[in-house]
Colleague: 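Structure provided below as structure tokens; questions to follow.
Counting starts at 1 for both ligands and their atoms, in listed order.
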Amino acid sequence: MKKLSLMLAFVLVFALVLVACGDETETSSTPATESSVAATESTEESTEASTEASTEASVEESTEASTDESTEESTEASTDESTEAPVAGDENIAAGKSYTHSVLFRQGGADVGWGHDPNAPEAYPDEGEVTLTDGVIPADDALYSAVEWVGFNSNDPDYLGYHFITVDLGAKTDLAKFVFKYGTVALGQGISAPMTIEIYVSDDGETWSDAVAGDVPENDETTVNGVCELEAGASGQYVQFRFTSGGWAFISEVEVYGAAE
Ligand SMILES: [Ca+2]
């Protein structure tokens, strides 16, 4: 009997222990699950975050790497080919070539004084449309009325905001230098040197690339020749000289020099 009581007591204690553990398991199971979900979420978040971070980092790294590489490559390339401005050949390859230019000012006579008259002849015309590449250059002190000069006027109603002279070299050519010759007589009296100079090159005469490297000539009234070194690698069939003027600007010649062989 005593043995049976002991067994019952043991079973009872065991049962109580089981119930106690069951309660504990139940009460702790939910938070444990939540916390494990939370832990899973936070793992996902951290995975996303680390993925984003590593993606960003790798993008940055690869960008940096490619930038470094491309910088190195372009440096190497330009070093190999010609870091410095290309050396111009001696020959003016624009000599005798055809060209077009922006509109020339038509100046009236007695009726309109010095003003623009669309029916009047060009005031300082381009005789035969060959003046700018014919190799004929007037003396430095030649009056602006000399036929060797072509007059461009920024007061023309059709002024584009710049004048242009576009030379057709006849074939795509590697280019090194552009030169323009302008008049200096009576500068400041409604006449200026070419200003805001830009040189563009093109393969087809429609799509243009800026080709000026370094400093373009200053508006130096003592310099008759404007010399523009072109960017390394500049090439094209067409070369366009754009310039502004304060009133009149007189040009007698434009020259183009290819890159030396
Ligand atoms: Ca000329």
Side-chain angles (χ1 to χ4, degrees), residues 88-107 120-154 156 158-160 162-171 173 175-202 205 211-212 216-230 234 236-258:
D90 295 330
E91 183 190 358
N92 167 24
I93 57 175
K97 292 296 196 304
S98 64
Y99 60 86
T100 57
H101 57 70
S102 48
V103 66
L104 300 181
F105 195 70
R106 294 177 181 275
Q107 193 161 277
E122 292 169 349
Y124 301 98
D126 181 357
E127 298 286 356
E129 300 292 318
V130 296
T131 308
L132 296 173
T133 56
D134 64 0
V136 179
I137 298 162
D140 288 354
D141 59 354
L143 287 175
Y144 50 81
S145 55
V147 296
E148 292 90 346
W149 298 113
V150 177
F152 295 85
N153 193 321
S154 58
D156 193 282
D158 293 325
Y159 181 56
L160 300 169
Y162 59 87
H163 308 288
F164 71 81
I165 298 167
T166 304
V167 180
D168 180 356
L169 298 171
T173 311
L175 304 168
K177 188 168 71 176
F178 181 88
V179 175
F180 58 92
K181 308 204 178 238
Y182 65 94
T184 57
V185 172
L187 283 177
Q189 300 174 42
I191 300 172
S192 80
M195 302 183 295
T196 319
I197 290 146
E198 295 175 296
I199 311 294
Y200 289 84
V201 294
S202 172
V212 169
V216 296
E218 298 290 326
N219 182 14
D220 182 348
E221 296 181 4
T222 66
T223 307
V224 179
N225 292 336
V227 179
C228 305
E229 303 290 345
L230 304 183
Q237 178 175 340
Y238 300 87
V239 182
Q240 185 172 82
F241 169 39
R242 294 186 192 176
F243 60 100
T244 62
S245 65
W248 291 102
F250 290 90
I251 308 290
S252 67
E253 194 79 9
V254 293
E255 300 174 349
V256 177
Y257 294 85

Colleague: How about Phe164 and Phe243: are their ring centroids closer than 6.0 Å?
Modeller: no
Colleague: On a heavy-atom basis, which atom in Leu104 and which in Asp156 lie closest, and how many Å separate them?
Modeller: O-OD2, 3.7 Å
Colleague: I'd like to verify the contacts: list protein N, O or S atoms under a distance of 3.0 Å from the Ca ion (ligand 1).
Modeller: Thr131 O, Asp134 OD1, Val136 O, Ser252 O, Glu253 OE1
Colleague: Is it true that Phe241 and Phe180 have ring centroids separated by less than 6.0 Å?
Modeller: yes
Colleague: Listed by chain and number, what are the side-chain contact (heavy atoms from CB on, under 4.5 Å) partners of Ile137, not counting sequence neighbours?
Modeller: Lys181, Ser252, Glu253, Glu255
Colleague: Looking only at the aromatic ring of each residue, does the gap between the centers of Tyr182 and Phe250 stay below 6.0 angstrom?
Modeller: no
Colleague: Determine whether the aromatic ring centres of Trp248 and Phe105 lie less than 6.0 Å apart.
Modeller: yes
